[in-house]
Amino acid sequence: MTPRVGLYAAVATRGFRRYSTYRAATLAGIFTNTVFGVIIAYSFIALWDQRPSLGGYGQAQALTFVWVAQALIMPVGLFSGGIVDELSDRVRSGAVAIDLHRPIPLLWWRFAEDAGRAAYHFLTRGLAPVLVGSLLFDLAWPQRVSTYGVFLIAVALAIGVGFGIRFLLGLLAFWVIDVRGFVVMLTITQVFFSGMVLPLVVFPDALRTLAEALPFRCLVQIPADVLLHEDTGTTVLPLLGIQLLWLVALLVAGHLLTGAAVRKVVVQGG
Amino acid sequence: MAVIEVTDLRRTFVVRSKGGRLRRERREVVAVDGVSFGIDAGEVVGFIGPNGAGKSTTIKMLTGILVPTSGRLHVDGLDPSRRRTELARRIGVVFGHRSGLWWDLPLRDSFALLARIYDVPRDRYRTNLATLVELLDLAPLLDVPVRQLSLGQRMRGDIAAALLHDPPILYLDEPTIGLDLISKARLRDFLRDLNAERGTTIMLTTHDLVDIEHICRRVMVIDAGRLVFDGDLTALQRVGGATRTVVVDLETQLEPVRVPGTTVTRVEGPRQWLSFPAHSSAAPIVSALAAAYDVVDLSIQEPAIEDVIRLLYAAG
Ligand SMILES: Nc1ncnc2c1ncn2[C@@H]1O[C@H](COP(=O)(O)OP(=O)(O)OP(=O)(O)O)[C@@H](O)[C@H]1O
Ligand SMILES: [Mg+2]
């Protein structure tokens with residue numbers, strides 16, 4: 001918003017650095033994502049052996065989808081955590097008073113910090129499992145370099161949408177003292193409707209229509225589709241447009257809700 | 001010139017609790033109940049009161065993070081809750097039981113980030129940091145992640161963080177909570193110097209009356225949301241039915257002496273304790289004693305501030 005790019009870059013850098021201090025956690029995470037990926041990959045192989053070109057994907061495409069999904073789990077915050085926990089904890093303990101007191105909007109502040117975190121997770125827990133996956137399985141990598149560029153844009157937008165969703169959930173703590181129940185609900189919904197477990201292309205029609213009306217497909221399905229569709233332009237641009245729309249909608253909602261939280265709701269604690 | 005002006009400030013909270021029946025009960029808690037005061041630039045004001053008196057609530061309204069229910073409020077000419085962001089650049093805030101630092105980052109990184117948030121010019125930041133590091137003895141801690149700091153170390157970090165942008169006004173909500181005696185003493189010295197050298201207006205809440213005695217010229221006592229005292233320390237000692245005591249050593253052991261305006265509270269051999277209202281003068285008592293008895297030695301005890309406060313709270 002304001003021309004304080006340097007500030008937000010510094011905040012993002014700090015977000016990146018915060019997570020990079022936990023090396024052991026990163027290694028453990030890479031291991032988990034890789035094992036997860038291998039397991040899902042084998043079940044997809046079994047599935048596509050039975051039903052070749054299920055949902056319009058060939059087996060190599062299905063496997064690529066698996067590893068892209070693994071790479072995105074952490075950056076887009078598919079399993080919640082991070083900002084949701086931090087924000088709701090700070091609201092509950094009253095520490096959010098300090099955040100609100102700073103001459104920088106909470107929303108942009110947290111967005112920058114989460115972007116730094118996401119970048120770190122993408123480079124570590126995103127890329128490393130994909131590397132292992134591409135050594136173990138035959139994947140369908142795009143030929144055109146430009147596809148990777150567009151894919152990165154889709155990933156950036158996915159990170160933004162993921163942040164927007166979790167920020168709103170964290171803000172809920174201003175009205176609901178305990179948000180844990182909502183977090184569990186969101187995590188399940190998100191994992192399912194993002195396409196992480198099963199690509200949305202194999203969903204039955206009714207469920208697929210529902211999935212397409214929700215923001216969650218911006219998190220995994222759309223970035224994966226962008227990578228799997230060689231033909232940039234006609235198919236890919238509308239997908240990026242959908243992501244952008246959701247991003248803007250979520251940020252506007254986050255902005256309005258922050259205002260409402262600040263105005264109306266009492267800062268908790270003594 | 002008053003930098004903080006508060007007129008008839010009120011804040012109520014609605015608490016919902018499970019009533020005896022199935023229905024939830026709505027209850028209104030009046031946290032601050034018609035408080036008025038003004039603080040001039042360069043003053044150091046101690047804000048005390050029992051738990052739940054409304055100190056933190058008042059401080060929160062003064063920073064703009066809590067909207068008053070009613071009343072008028074101006075800090076450095078601004079309405080805090082309306083101009084919160086603008087005001088934030090002119091005030092420093094330390095909440096003793098919370099931290100404004102980044103848990104996972106070294107102290108140095110938190111400072112650098114805050115300097116950016118508050119748009120502190122680079123060389124200004126460098127000199128301020130150098131001064132604060134020296135005064136608060138932070139040099140060995142700069143590269144330690146905040147989560148590894150002790151409470152006292154973290155508090156020093158938080159205070160430095162609140163001062164990086166040169167705020168003319170500093171609010172401290174229980175800055176000495178949980179600190180050991182040496183850390184407390186160092187913090188008090190620091191705050192006194194800060195006020196003397198930079199003229200920073202300081203308002204602090206505490207439950208440790210030694211803090212007040214050492215750094216505050218003025219005290220405000222709040223109880224159940226109402227301001228029950230506002231004045232200097234000596235005046236505080238004279239209110240609320242506080243008493244001073246003449247301790248007199250007589251030549252011989254006697255019956256309790258009779259001096260108008262006093263009561264003997266204790267007799268121990270030739271030594272007697274005579275208490276009298278703190279607001280009246282000791283001179284006539286001393287001369288009456290000397291005229292009627294053989295006095296060997298004599299001293300006057302001022303009321304302990306704790307006792308005064310206890311009386312004030314009890315009266316409120
Ligand atoms: N968010 C809130 N919701 C409901 N009641 C509150 C809230 N914040 C404060 N109160 C109530 O307002 C009153 C004043 O609280 P406050 O925190 O200002 O006290 P305090 O003087 O700072 O006390 P302490 O010395 O314990 O820190 C208390 O009765 C408290 O229960
Ligand atoms: Mg308090």
Side-chain angles (χ1 to χ4, degrees), chain A residues 1-23 25 82 85-86 89-106 108-110 112-113 116-117 120 174-177 258-270, chain B residues 11-16 29 31 51-57 59-61 63-67 69 80-95 97-106 109-110 112-119 145 147 158 161-162 165 171 173-174 205:
Chain A
M1 289 274 122
T2 38
R4 304 181 76 190
V5 183
L7 167 62
Y8 290 110
V11 174
T13 311
R14 270 16 174 246
F16 188 100
R17 223 186 275 167
R18 252 185 85 180
Y19 283 85
S20 65
T21 50
Y22 300 108
R23 297 240 170 86
D85 296 346
E86 276 171 36
D89 278 352
R90 288 180 80 76
V91 172
R92 203 167 347 136
S93 73
V96 76
I98 294 170
D99 304 343
L100 293 176
H101 165 257
R102 304 237 187 267
I104 169 175
L106 186 64
W108 297 112
W109 165 271
R110 286 293 185 171
E113 194 173 18
R117 177 205 60 81
Y120 174 75
F174 276 101
W175 288 273
V176 186
I177 295 290
T258 313
V262 171
R263 274 277 132 205
K264 279 206 183 144
V265 181
V266 163
V267 176
Q268 300 284 343
Chain B
R11 170 73 211 203
T12 57
F13 291 108
V14 175
V15 258
R16 288 180 180 80
V29 176
N51 290 128
K55 303 179 295 292
S56 299
T57 306
I59 298 265
K60 282 180 191 164
M61 289 191 280
T63 62
I65 54 181
L66 192 62
V67 187
T69 307
S81 61
R82 291 232 172 87
R83 316 271 292 275
R84 181 165 48 87
T85 329
E86 209 180 328
L87 183 66
R89 296 175 188 280
R90 308 192 203 170
I91 60 179
V93 187
V94 177
F95 291 106
H97 31 275
R98 324 201 185 299
S99 183
L101 303 166
W102 283 264
W103 212 236
D104 309 270
L105 294 178
D109 287 18
S110 278
L113 211 47
L114 286 167
R116 273 188 180 277
I117 293 176
Y118 288 94
D119 290 321
R147 70 188 130 86
D158 261 304
H165 59 292
Y171 303 119
D173 194 359
E174 300 191 37
T205 78

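Residue numbering restarts at 1 for every chain, and letters A, B, ... go by the order of the sequence lines.
A donor-acceptor distance shorter than 3.5 angstrom exists from the side chain of B:S110 to the backbone of B:W102, with no hydrogens or angles considered. A donor-acceptor pair under 3.5 Å links the side-chain atoms of A:R102 to the main chain of B:G100, judged by distance alone.
By number of non-hydrogen pairs under 4.5 angstrom with chain A, the leading residue of B:I117, B:L105, B:V93 is B:I117. Taking chain A as the reference chain and counting heavy-atom pairs below 4.5 Å, the highest number among B:V14, B:T85, B:T63 is found for B:T85.
Using a 4.5 Å cut-off between heavy atoms, B:S99 touches chain A through its backbone atoms (N, CA, C, O) alone. The contact between A:E113 and chain B is made entirely by side chain atoms (from C-beta outward), counting heavy-atom distances below 4.5 Å. Heavy atoms closer than 4.5 Å to chain A are found nowhere in B:I59, neither backbone nor side chain. Within the 4.5 angstrom heavy-atom criterion, no atom of A:Y19 approaches chain B.
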Would you sort out whether A:T21 and B:D104 count as a side-chain hydrogen bond (donor to acceptor under 3.5 Å, both in side chains), showing the intermediate values?
CA-CA 8 Å; A:T21 50; B:D104 309 270; 5.4 Å; no
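Legend: residues meeting side chain to side chain contact (heavy atoms under 4.5 Å, CB included) with B:R83, ordered by chain and number and at least two apart, are B:L78, B:E86. Evaluation of the side chain to side chain contact (heavy atoms under 4.5 Å, CB included) rule for A:D85 yields no partner, not counting sequence neighbours.
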